[in-house]
Each structure stands twice: as C-alpha cells, then as structure tokens.
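Notes to accompany the following structure.
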Amino acid sequence: MRYDFKAIEEKWQKKWAENNSFKISEDTSKPKYYALEMFPYPSGNLHMGHVRNYSIGDVVARYKTMRGYNVLHPMGWDSFGLPAENAAIKNGTPPAEWTWKNIDNMREQLKRLGFSYDWDREVATAKPDYYKFTQWMFLQLYKNGLAYKKKSYVNWCPSCQTVLANEQVVNGKCDRCKSEVGKKDLEQWFFKITDYAQKLLDDISTLDGWPEKVKSMQTNWIGRSEGAEIKFKIDGTDKELTVYTTRPDTIFGVSYMVIAPEHPLVKELIAGRPEEKKCLEFIERVQKQSEIVRSATDTEKEGEFTGVYMVNPLNNEKIPLYLANYVFLDYGTGIVMGVPAHDQRDFDFAKKYNLPIRIVIQPKDSNLKSEELTEAFAAEGIMENSGQFDGLNNKEALKKIIDYVEEKGIGNRKVNFRLRDWLISRQRYWGAPIPIVYCEKCGTVEIPESELPVKLPENVKFTGQGKSPLSECEEFVNTTCPKCGGPAKRETDTMDTFVCSSWYYLRYCDPKNDKMPFSKESTDYWMNVDQYIGGVEHAILHLLYARFFTKVLNDLGYVSCSEPFKNLLTQGMVLKDGTKMSKSLGNVVSPEEIISKYGADTARLFILFAAPPERDLEWSDTAVEGSYRFINRVWRAVIELKDCITDEKIDKTSLTDGEKKLRFAVNASIKKVTEDFERFSFNTAISSIMEMVNALYQYKDNTPKESYNNAVISEAVTTLVKLLSPFIPHVTQELWEILGMDTDLLHETWCEYDEAALVVSEIEIVVQVNGKIKDKIMISPDLSQDEMKEQAMSNAKVKEAIDGKQVVKCIAIPKKLVNIVVK
RNA sequence: GCGGGUGUGGCGGAAUUGGCAGACGCGCCAGACUUAGGAUCUGGUGUCAAUGACGUGGGAGUUCAAGUCUCUUCACCCGCACCA
C-alpha cells in the first residue's frame, strides 16, 4: 500500500492557504523568533539549492513554532537585475512582465513544497512600493555624506555594458556573465562603506553564531593593516611624495622607490625628461595588460626608471624613482619604497634592474651577506646599518622609527584598509533609479522624500546596444528641478541590486508601511534575525553590505540593532556526480520532477537526511527512493494502529518488557530529536525517528493484537507524527486527522520526554583487559565503581585473560566500562 | 603565499563530554510471503591468512583508554591573493 501524496499535499496546501495558517503578527506574550532564508532571484524556476535552503529554514521555523515561539518566516523576491533585461532584448518581453511571470511560477513551486511562509509579508524589490524605500535609503546615505559621486577608474563589463563593484569582479571576470572586465574612467556613485571599515571589522568578533569561514573571509576582505605614511623629498625640489609602508623598520634598506604608472603625478614628474618617451610607452603597455595578468602573483615585475631621484629622509641617500606594474594606485598612496633585502617582490625587482640590496635586519642566529642573498629575509631580527636604531629588535625599532618620523614631521602612523567604497551605480534599466536630478542652476539635487518613488518608465526600447535604455527615454530624463522648478535632467543610472537586498529583512517586519520603510516598533520587536540561512557565495557581497546598512540605520536612529543576523548557517551545495548541478553538464535534477514522482514531503525529507546542512550534498536517486519508502513505512504503521488511539494514561506500574522497550525508544527519540534540532543536526534527528519506527514495528509485529497496550501505542504513534511534522508536514497532518485530531499540527506543542521511560533496570557495559574488549556484561546502572570492578573480575573471560598476571590498575566508568590493567 | 575547512566501510553519513568505531539510510547477499516482484517483512553485510588480529589519510606522542587531545606530515576542497 502506497500513500497518495498528490491528493494529500494538494489538500493541505489548499487548507493552509484558506485558513491563513502561517499568518503571523506581533505578540508580546510569546518570545519571538525570526527565521530567514536568503530570498531568491526570480529566474523562473526553483533549483535544488533553493529546495535545500528553504527546507532547512522551514524545518527550523516549524520546530520553533511548536516550541512556543512567535515565528516570523517570510519570503520575497530579489527581483531587479540583468537577466530580466537580457530576456527583454532576446524575446521583446518587458522586464517587468518577465519578472512577475517568473515570480508567479516560483511562488507556486514554493507553495507546492509546503513551506510555512506568511505570504502576506511577501516583498519584491522591483515593485515601486519597495524601491521607493530603496531610494529613501539612498537619500539617507546621501544626506549624511555616505553617498557621493566621483570620477574614478572603475571596472567595466563590456558585455553587460555597465560598471561593476570590486566585489562583483571575480578573477578579472564579470560575476554575472563571465566576460573579461576592463577599466574605464567614469563618473559614478559610491557608498562610503570605508567609513565603517573599522566598525565592520570590530563587530565580526561579536558574531558568535557565524561560521569561522565567513568571518575570516570578511576580515580578509576588509583587510586592515597598520603602518606609516612617510614623506620623501624629490631631489633638487621642495616637492614631496608620500609612501605607505607596514615596515618602517626597513627604511634604511630602501634602495629605490616605485610609483603606480596611472598615478596622476606621473605625467608631471616625467615631463621634459630624457626618460619621458620610454616611460609613456611603458604606461601604455601596462594599461593594456588585463586585470587578470596585472594582478597575478606570478606576473613578472616590470618597471621603468623615471629619471627622478628621491631623498631618504632618514639617511639622506639619493634613490631612483621607478614606474612599475606591481604597484596599485588605489591602495595606500600608490607609491611604495623598495627594500630588496626584506621584501620578496622588491628583491625580484632589484635583481632584474640591478638595484642595490642592503641588509638592515639580521636573523638572530646567522649572518647574512647581501651578495649571497637568494631571497628576501622577511622574519624577525636585529637591526643593523640603521644609524641610531642598530642593535634593536626590529619590532621595537619599528615603533621607534615611527615615533622619530612623527617627531620630525616627516610622517605619521596610518591604518589602511583593502576595502574600497561600494560602487553602486549601474548603467542599466531594470534597477531602482537613483533619486537625483542635475539642474543647470542648482547642480546636483536630491528628490524630496515626499516625491518618491522615482518610477521606472515602462515604455522603453531594448536594443542591447550602446547606452542604457533609461538614458534614451526622453520623458524620464527631462524633468524639473525640485529646488528651483527650472529644467533639469534625471540621473539615469540605477542602483546595484545589492542595495535592494541590503535591507529587505527589515521590510519584512513591516511590509505594508507606505510612509516609512519600516516602523521602529516593528524592528524593535522582530530584529535581529535569529537564524539566517543561505549559500556561502554571499559571504562577502550581500552579508557585508547588509551589515553596513544596519550599522548606518542604527547610527541614524532608525533601528536599535547594529548587526542584522545573529546566527548564520551557510548551507552546502547540492551536487550530482560529484560536481555542481549545471545545465551545461546536463546533471540537473529538477525539483518539479521529484515532487511529481515522490511528492514534496519525500523531497524535503531526503534533502535533510542525506547530509548535515553545512556540508555539500550528493544527489542520489536511490536514496530518494529510500526516503519515500520510509514515509510509506510510517504511513502503514499509523494506519494499522489508528484504532488503538486512546486518551487513557499509561499505567507505568504494569508494563511488559516489550512495552518498556517501545517506551524507551519513543522517549529516547524525543530527547534526541529535540537536542538535534537545537544544533541543526537534522540528519541524525531523522535517523533517530527511523530507529523509533523500527522499534514500533518490533512491538506491533511481536505482540498479539489482543495484547496491545493502547496507551503505549498512542504515545508512540502521536509522538511519531509530531516529531516528523516539521520535516514532512503534509503527510503528518493527514495522519493526524486520520488519528481523529482536528488541530493544526504546526500549533501543537512539541513533545516532552518522560524521564522515567529512559530508566532501565539493566545496562550493558564493556569489560576490557589492557584496553581490549573481553566481554560485555549486564549490570544495574547504579552499581558503585567497586561493585562494577567486582563484577568484572568475576567474569569468566576476564579471569582467563588475567590468569597468572598481576593486576596493576582497575578503572571503572559508571554506565560505560571497566578496564583492568595487567602486567 | 595567507586564511578557512575536509579526510571514517562499496556509498551518504553517525560517534555532542577522551570510554563498545561504523548509529541511521543507500547498495549488496540470503530467507519469508507470492502466479509474479523494481511491493512488503525478517536476517546478514568494515578488512584479513578469521577461536584471533587489524582498522578512522600517514608518522610520532600523551593516556588505563584517542576518530576525538598534542606535535608532525600528506592529500583534497573553498576563499583571498604582487595590498607594500
């Protein structure tokens, strides 16, 4: 007999929708719990990664609800972005139409999986009632000096025809379309995330519920380094250049200096010199090098002498200034000092261009000579050739040299971050328009909050060529200045979609508010997100931006929390044949297919049982089959025993051994499943329910029907259905009804285990001799250690093993084992 | 190079606090029921020269006792990567 999953799942999904079963509102009588999964991009269809992500979230939400929490469990759509525009170019479907259609389809797919979302709180970032507030967010940042426009050398994707944030350039390629990213000098909007670099870094240490990996990735990305800026005079002039270094202790070893070829001062420096022509050629050549080549560790270091000499402020030595491809304009000052003896890159460069190598730090136990040096010495040591600092440990000297430099006014301590400001403008149509106009009289003017949203025009053409469709839409571009009423032109860039997703978790708290993005009261009640679940691919981008937004909103007084996500779970990927499922490899298993073949409950159960949530999961058709078999096994047992259900209390004084065994399995399972839920170990929770089902079969198949203890069976069957309900909500709700219950399982209280059922009269312990198992014996669990030892000593196999030997030691561990050590 | 992680049967995985390694499931083998089985139920299933020995990537160490702790080494995965 097989259960009719199709009819059952449809039936309950319909009922849940009719009864608004998942609707939630603020309720101060209960503790709150905010369970959140990363909202999807509406590509059109769910994939297994979504199913996994949302199954994990749903099981958490349902469990917490049964534990008495008031659970916020929302869903929405990260619905701006390029694919919608590409579809428009390809098929002529307007992006909005394409997007809403995909959302409708995916919403249905989510409903078919039985997830307990409060659909009344659904948000879509591409809807005016949402992006109105994304624009509001922009204005808050703008008014507080955290959004600015500047001309800069930015990443440009020639295929997407737009600029990209640093975070969206992966190995020199566009994160979205994989084409090679170039550089362009453009006027662009930025968010000043660097103002929050230190805070974002410091608060990582408060994120106890985040995976180490994500924390270390963010730490690396922020990339704090401590050092000093030191001014070097240009020889023969009063002008100075400033370098940034983390190793001021090596300053007496400087034998050259390097400036980034794109540095704005370069042209002026080389003007009119005999080296000018060669330098200009070099600059052109370096600029042609792609970003990938340029930034690769193994790219050969190349340089060109500028003809300029610098003066080392510590020892007044004259040193040459080079252009070189290994220095970045956008880190530090774009100018660095070259210390070949103590930096590997400088060593390689000096070897190539025959620059002097001078040792200024000696290892404690050897004596290096510069002409014998085969690689830079970068470790700790004792200072030499460094004037008054000779003989000091270099760590100490580092501080003293900075002190000296600060005293003389030729430099200062400086902390640098690798984090750059967040480039948020995109030359695309399908995004939230930046609420700014340019007026001939007033200049850059922000749109007043009362006039939001700046709506996306609907009648635009998509050619895929040239400029963004927005900039070619006359009725959008031409407007009046909100300040003076004169003619003005709108900003035609839209915002990076990551701006939209940086605050959506706040909108869920108060999704219908049309005055503000959310009320303070609503976020005070619901925030923080207690459990956030999603893929590790967002470790830097989304998770860093969302932290930044929360901190800004906190500083501006709009929210009380300074971190959005208390706990973070990064789920593993769903693999097939050892690799990621992908269309090009043809190894994609579609959720639709699995749902129609086995039902949503089986899909959910398999995906949670096959691996722990953080680990990658290998898809296995036969194992899916196994999960389906298990549900059928549960179904048959419950149906068979349904008439045994009774309200009678268990008479604990007269239980048979079989009944005790069943009660033990049931209560041990409640304990185990509850503990496993708390640590998100769903695979082991399910396995312990399987053991319980095995025990139930043992009991029912080995007990004559007339001897059934209905009270014990009732306990087992109702417990089974409840424990399974977060995993497989449809079939358990159906069984609940079959058992004569008319309540909603989701709002039943979670099972409590009976301590008394876990007490047994005899337990098995292991008897070892010299750590090797000799026998297993049954004893009373409350025997003293001495009594345990006695029992072990009198065991026949032990006697044989220790015969003629001297007992040196005997260790007894209550309820576990006895180990006898002999010589 | 730096940072994070993983390594356990044929496979997915379990062992949460140093205490019976391999729970649970898949696969496989056998049996029962059956006209039939790709249904169901029951039993078996780490390896080997098999009353015993060996066994958690390798090597050492601490301990009565190590998958778990320490040191060392290897392999693989992920992230960052010429950041001065």
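Owing to the predicted nature of the structure, the values given are computational and were not obtained by experimental measurement. Protein chains get the first letters and strands the later ones, always in sequence-line order, with residue 1 at the start of each.
- Between A/Trp422 and A/Phe498, the distance separating the two ring centers is not shorter than 6.0 angstrom.
- Shown here, B/G25 forms a base pair with B/C11; the pair counts as Watson-Crick or G-U wobble because both key distances fall under 3.5 Å.
- Residues that satisfy the salt bridge (Lys or Arg N to Asp or Glu O under 4.0 Å) test with A/Glu229, not counting sequence neighbours, are absent from this structure.
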Just the table, please: protein N/O against nucleotides 59-64 of chain B N/O, every pair under 3.5 Å.
residue, atom, partner, partner atom, Å
B/C64, OP1, A/Lys809, NZ, 2.9
B/C64, O2', A/Asn819, ND2, 3.1
B/C64, O2, A/Asn819, ND2, 2.7

Treating primed atoms plus P, OP1 and OP2 as sugar-phosphate and everything else as base, which nucleotides of nucleotides 44-50 of chain B get B, S or - for protein heavy atoms under 4.0 Å? -------
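- Near RNA chain B, defined here as any heavy-atom distance below 4.0 Å, the residues from residues 687-703 of chain A are A/Ser687, A/Met690, A/Glu691, A/Asn694, A/Gln698, listed numerically.
- Using Watson-Crick or G-U wobble geometry with both donor-acceptor distances under 3.5 Å, B/A75 finds its partner in B/U6.
- Comparing B/C41, B/C82, B/A21 against the side chain of A/Ile773 picks out B/A21 as the nearest.
- Cation-pi geometry between A/Arg633 and A/Tyr697 is met: under 6.0 angstrom from the ring centre, within 45 degrees of the axis.
- As the counterpart of B/G31, B/C41 is assigned, both hydrogen-bonding distances of the Watson-Crick or G-U wobble pattern falling under 3.5 Å.
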Within the sub-3.5 Å range, which N or O atoms of nucleotides 27-33 of chain B have a protein N or O partner, and how far apart are they?
residue, atom, partner, partner atom, Å
B/G27, OP2, A/Arg629, NH2, 3.2

Each nucleotide of nucleotides 5-17 of chain B classed B (base within 4.0 Å of a protein heavy atom), S (only sugar-phosphate) or -, in 5' to 3' order, makes S------SSSSB-
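- Ring planes of A/His538 and A/His542: perpendicular class, angle over 60° (limits at 30 and 60°).
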